Amino acid sequence: MSRAATSTSVAGVCTAALAIAACASGSGGDPAVGGSPTLDGSASASGWARSVTPFPVLTEDGAPYESPFLGGFNVPRPQLADIDGDGDLDVFIQETTDRLLFFERGDGPDGPTYTWRPEAFAELKVGEWYRFVDVDADGDRDLLAESPFSYVRLFRNDGSAGAAAFELIADTLRDTRGEAIFSDRQNIPNASDIDCDGLLDLFIGRLVGTVTRYEATGAIGANASPFRHITDRFEDIEIVADPAAQGGGIPGRLPGSGPGTGGGPGDGGPGLGRGGTDAPFPTLHGANTMALADVDADGDVDMFWGDFFEAGLLYIENAGSCEAPNLRVEPRPFPLDDPIQTSGYNAPTFGDVDGDGDLDLLMGVLGGAYNANTTTADNLLLFTQGADGGFTLETSRFISQIDVGSESVPALVDLDDDGDLDLLVSNKIDPDDLSDSKVFLFRNDGSAAAPAFQRVGEFELDGAYHNAPAFGDLDADGDLDMLLGTWRDEIRYLRNEGSAASPRFSVVDSAFVELTRGSNATPTLGDLDGDGDLDLIAGESSGTLNYYENTGTAAEPVFELVSDEYGDFDVGRRSFPELVDFDGDGDLDLVVGTESDGIVYFENAGDRSSPRFVETASPFPPTEELPVFVTPKLADLDGDGDLDLLTGTAGGGLRYYERR
């Protein structure tokens, strides 16, 4: 039964190695983050080579993506550090548990470049957070990280400031009293010599908004107890977000200073605000991040706090001196002249990125109480400090890559009939328009053997979420039509009312196919019974498969349910099927992506008209080399005669694997 008949077009288209350096400066760099076991451009044992730069991809403005197929970020936790001892600040980012991404800084004709080095630091197990800091005051950075669950792991750097070599000293770090140092895994601590006595101070933010301080003893001994406990209420700091407060005061407070106001719905940013009687939260505190840096260049270390219930970043200025710190001051939104507003839970790191002698701010947005859907793509912000002390936002995507938000699903089709494959990428929900999700088009301006993509527009698909497109000529008119899976149980039918070279899609039926149960329909088309028309297999959230035979014709499809548990296959949560002749024997095989279990392969042991799918040992990269949320598409993108693998990710980007 048809639920809609609206028209849509393509907008703007129609026509450790652990022996790498770790810097040991005081406040020039701050915490870090995530990586991958597969090397860029070299084959793994599975015969697949992951690459983040297999071919050029341009933005709508014609600028190249620096790392187009990196995979996207949702919760980037950055740290700036001169890890290779060459005098500039490299970047670490943690996106997933236990994995560090290291980006080496270089100098290009248009400014700094950041190249992912996947082999560096990939073996370090860092849990949910980490900090490179000089614990034993020997001039190089050691590593503190989360030890599951919510304890602290210590790696000593037995190398140097130019060639780090990390040895695990303590899986559960204890203080000089013998008590385990506890840090809630959603809190990211930091360390600096706050009192200029030559000993590192460790600060751990608590869920109640207070700060615990430890001080290093100056050595990492055999008992792995390099810290002594100082206080659980450092400077009586108590960070509290108070979205229900009236007025627009300070989003945080100290005891006795009066209530401040945190971000609440409707104030300037995406779903943010400052107070109002209808604000949804009482006085709150939560998961937090911390940075320590002398941002005002007055010789002492200031403190910065990001909180789950704080839309901005709080600045606690050190009103004392390096030898006698005083942080008993009112927290203020930062930057002071134009405070940051995001979805909350902001993770800052400071360093001189632009080389002008002052500290700049690189900040990851982890997504807090103010609608994290709005920051699933624009979440790695660089602010540079000017001569007047003010900060200017330079970019919200510091690492340049394809990123459409979250849960991306790609498609590869020749959408303009020029003989090469174009790229489409859909998302779960559009961070710039929360009323729907979108399908973005990257036109191939290269060739079938040497693709070169440029983002050129998007499909307007109102009211759909978790878009998953599949293409085929469903009305036998010589151009490609679209089936669109959505987050519900519905698959939409969009007919191409344009031409093979200039598509214009019109919604024929917004519920052309409805799953019998489940949601998150993910279609794939192929002639499974050899009768000359396209049949349908649809995945769903439960991990089973639905098979619909086309009992109509090549020009007028009618999809009739054969089985909603096809083959009794169940691949686990979220199934993403792809019908493709993977083994080159002339019939369609079945490749199924999953949320967390990689790719399942069903070889067709039958033939073109009577398929018999048999689960076979996967010829694809192993699960540990694939992202969470695998949405596979297979095509010969480099013209070498075999099928390459492209997949979406939970982070909203794409990963590319070349078959070798």
Side-chain angles (χ1 to χ4, degrees), residues 2-4 8 407-413 415 424-428 437-439 459 461 464-475 480-496 503 505 507-529 533-552 554 557-567 569 571 574-580 588-595 599-600 602 611 613 629-635 646-648:
S2 179
R3 298 185 185 176
T8 183
E407 298 189 8
S408 47
V409 179
L412 291 164
V413 290
L415 203 58
L424 297 99
V425 189
S426 63
N427 56 16
K428 171 184 177 180
S437 68
K438 289 186 171 63
V439 178
F459 294 92
L461 300 163
Y465 297 94
H466 292 266
N467 283 332
F471 291 86
D473 186 359
L474 292 171
D475 54 6
L480 291 173
D481 307 296
M482 184 197 305
L483 289 185
L484 184 73
T486 69
W487 70 288
R488 296 181 177 175
D489 57 357
E490 302 164 347
I491 298 176
R492 297 181 173 189
Y493 175 23
L494 293 89
R495 185 167 51 224
N496 187 351
F505 293 96
V507 178
V508 176
D509 192 338
S510 65
F512 189 59
V513 175
E514 294 184 76
L515 303 181
T516 58
R517 50 179 166 68
S519 59
N520 297 115
T522 55
T524 182
L525 291 162
D527 184 2
L528 287 174
D529 51 10
D533 56 34
L534 294 173
D535 305 297
L536 167 67
I537 288 182
E540 60 171 88
S541 57
S542 71
T544 58
L545 299 174
N546 302 262
Y547 172 41
Y548 296 84
E549 181 184 357
N550 187 349
T551 58
V558 176
F559 292 112
E560 183 176 316
L561 180 65
V562 176
S563 173
D564 58 7
E565 293 184 340
Y566 182 55
F569 302 141
V571 299
R574 303 294 290 274
S575 51
F576 298 93
E578 169 83 339
L579 287 167
V580 61
L588 292 174
D589 305 298
L590 179 59
V591 177
V592 187
T594 69
E595 182 176 80
I599 297 175
V600 183
F602 300 91
F613 294 113
F629 197 82
V630 183
T631 60
K633 297 297 173 185
L634 291 145
L646 187 68
T647 177

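None of the values given here were measured: they were computed from a predicted structure. Computation of the quantities below employed the complete heavy-atom set of this structure, encompassing side-chain atoms and omitting hydrogens, waters and symmetry-equivalent molecules.
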Are side-chain heavy atoms of [X] and [Y] found at a separation under 4.5 Å?
X      : Y      : result
Val592 : Leu590 : yes
Asp475 : Asp481 : yes
Val439 : Val425 : no
Thr594 : Ile599 : no
Leu484 : Ile491 : no
Pro611 : Leu588 : no
Pro503 : Leu480 : no
Phe459 : Asn467 : no

Over all heavy atoms of both residues, which pair between [X] and [Y] is shortest? Give the atoms and the distance, please.
X      : Y      : answer
Leu474 : Pro557 : O-CD, 3.2 Å
Ser426 : Pro469 : OG-CD, 3.7 Å
Leu415 : Leu424 : CD2-CD2, 4.1 Å
Glu578 : Thr524 : CA-OG1, 3.7 Å
Leu536 : Pro523 : CD1-CB, 3.6 Å
Leu579 : Gly526 : CD1-N, 3.8 Å

Given 3.5 Å as the limit, does a donor-acceptor pair link the side chain of [X] with the main chain of [Y], or not?
X      : Y      : answer
Thr647 : Thr631 : yes
Asn546 : Ala538 : yes
Ser575 : Leu545 : no
Ser541 : Asn520 : no
Asp535 : Leu528 : yes

Between [X] and [Y], is the gap from one ring center to the other below 6.0 Å?
X      : Y      : value
Phe576 : Phe629 : yes
Phe602 : Phe613 : no
Tyr548 : Phe559 : no

Is a side-chain donor-acceptor pair under 3.5 Å present for Ser408 with Asn427? no
Side chains of Thr516 and Asp564: donor-acceptor distance under 3.5 Å anywhere? yes
Working for side chain to side chain contact (heavy atoms under 4.5 Å, CB included), residues Val591 and Leu634: CA-CA 9 Å; Val591 177; Leu634 291 145; 3.8 Å; yes
Could you walk me through whether Glu540 and Ser542 satisfy the side-chain hydrogen bond (donor to acceptor under 3.5 Å, both in side chains) test, starting with their C-alpha distance in whole Å, then the side-chain angles of each, then the deciding distance to 0.1 Å, before giving a yes or no? CA-CA 6 Å; Glu540 60 171 88; Ser542 71; 2.8 Å; yes
Can you check salt bridge (Lys or Arg N to Asp or Glu O under 4.0 Å) on Glu514 and Arg488, steps first, answer last? CA-CA 9 Å; Glu514 294 184 76; Arg488 296 181 177 175; over 6 Å; no
Would you check, one step at a time, whether the test salt bridge (Lys or Arg N to Asp or Glu O under 4.0 Å) holds for Arg492 with Asp509? CA-CA 6 Å; Arg492 297 181 173 189; Asp509 192 338; over 6 Å; no
State the [atom1]-[atom2] distance between [X] and [Y], to the nearest 0.5 angstrom.
X      : Y      : atom1 : atom2 : result
Ser437 : Glu407 : OG    : CD    : 10.5 Å
Phe505 : Tyr493 : CZ    : OH    : 10.5 Å
Phe512 : Glu490 : CZ    : CD    : 13.5 Å
Asp533 : Asp473 : CG    : CG    : 11.5 Å

Step by step, would you call Thr486 with His466 a side chain to side chain contact (heavy atoms under 4.5 Å, CB included)? CA-CA 5 Å; Thr486 69; His466 292 266; over 6 Å; no
